[in-house]
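The structure under discussion appears below in the form of structure tokens.
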Amino acid sequence: AQTIHQWPVAEIKAVGSPLSLGCTIKGKSSPNLYWYWQATGGTLQQLFYSITVGQVESVVQLNLSASRPKDDQFILSTEKLLLSHSGFYLCAWPDWGGAGAETLYFGSGTRLTVL
Amino acid sequence: AQRVTQVQPTGSSQWGEEVTLDCSYETSEYFYRIFWYRQLFSGEMVFLIYQPSFDTQNQRSGRYSVVFQKSFKSISLVISASQPEDSGTYFCALSELYRGSALGRLHFGAGTQLIVIP
């Protein structure tokens with residue numbers, strides 16, 4: 001069974017400060033990995049998509065970047081946070097589970113507050 | 001342009017009632033899937049059920065079922081015998097093939113916040 005760990009659980013950061021959020025998945029080799037972002041009270045928006053180490057595709061430009069340094073790790077970062085970066089960040093991966101088809105599963109998320 | 005629309009921002013039901021949540025979507029693809037997720041108050045996203053476009057049969061999973069009206073590009077989630085634990089925000093999501101992956105792009109609706117009153 002796969003396990004996914006997102007860190008940190010929550011962050012409070014100042015505008016202009018750097019940020020690094022991480023996601024590690026165990027028990028699944030070479031997974032596709034995704035970053036999603038949810039503004040408070042809003043819907044989920046896909047930010048990045050990675051199919052393999054070193055390959056990341058940007059979906060939405062939010063002055064964020066992502067990297068896939070290892071097969072099981074996906075990192076979201078920025079050098080300068082904006083107020084608009086506040087929200088809930090979710091790492092996701094596809095798996096067959098018991099649904100009979102590939103389904104997207106989500107980590108527990110990181111809640112980011114930028115002040 | 002909005003790909004997935006959930007017009008009910010909120011909803012409520014009494015314990016034991018059947019609840020229907022609506023969703024409409026836009027796509028020009030023949031093959032696609034519609035997923036339903038529930039977001040708990042903690043933020044955790046829980047997969048509930050999905051409907052593939054090529055299957056005319058409405059999918060069912062436990063107390064969850066869907067009413068799929070493909071020609072109208074609409075799908076409803078039906079929760080039978082609702083319970084207070086069903087409270088949360090329900091998201092409809094459209095999945096289209098992208099770079100060979102059925103989940104390469106998932107477009108979410110705005111969500112419907114459901115409260116089930118004990």
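Note that this is a predicted model, so its numbers are computed, not measured. Every chain is numbered from 1, with letters handed out A, B, ... down the list of sequences.
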Legend entry - Side chain / backbone / both / neither for B:Ser42 at chain A, heavy atoms under 4.5 Å: backbone

Inset, instruction - In plain terms, say whether B:Arg63 and B:Asp86 are close enough for a salt bridge, that is, a side-chain N and a carboxylate O under 4.0 Å apart. - result: yes

Inset, instruction - Using a heavy-atom cutoff of under 4.5 Å, enumerate the residues of residues 31-39 of chain A that contact chain B, numbered in order, or state 'none'. - result: A:Asn32, A:Tyr34, A:Tyr36, A:Gln38

Inset, instruction - Mind jotting down which residue pairs meet the disulfide (SG to SG under 2.5 Å) criterion with at least one end in residues 6-76 of chain B? Sequence neighbours excluded, please. - result: B:Cys23-B:Cys92

Inset, instruction - With a 4.5 angstrom heavy-atom cut-off, could you sort out which part of A:Leu90 is near chain B: side chain, backbone, both or neither? - result: side chain

Inset, instruction - Check B:Leu114, B:Thr20, B:Val116 against B:Ile79 for a side-chain contact (heavy atoms from CB on, under 4.5 Å) and give me the one that passes. - result: B:Leu114

Hey, can you pull the donor-acceptor pairs under 3.5 Å for the side chains in residues 4-12 of chain A, sequence neighbours left out?
residue: A:Gln6; atom: OE1; partner: A:Cys91; partner atom: N; Å: 3.1
residue: A:Gln6; atom: OE1; partner: A:Gly109; partner atom: N; Å: 3.0
residue: A:Gln6; atom: NE2; partner: A:Tyr89; partner atom: O; Å: 3.1

Inset, instruction - Share the residues that join B:Val7 in a hydrophobic cluster, the rule being Ile, Leu, Val, Met, Phe, Trp or Tyr side chains under 4.5 Å apart at the heavy-atom level. - result: none

Inset, instruction - Against chain A, work out which of B:His107, B:Gln59, B:Gln39 has the most heavy-atom pairs shorter than 4.5 Å and name it. - result: B:Gln39

Legend entry - Under-4.0 Å salt bridge between B:Glu96 and B:Arg3: yes

Inset, instruction - Using the side-chain contact (heavy atoms from CB on, under 4.5 Å) rule, take A:Phe74 and A:Phe48 through it: C-alpha gap first, then chi angles, then the decisive distance, then the call. - result: CA-CA 10 Å; A:Phe74 204 15; A:Phe48 296 98; 4.0 Å; yes

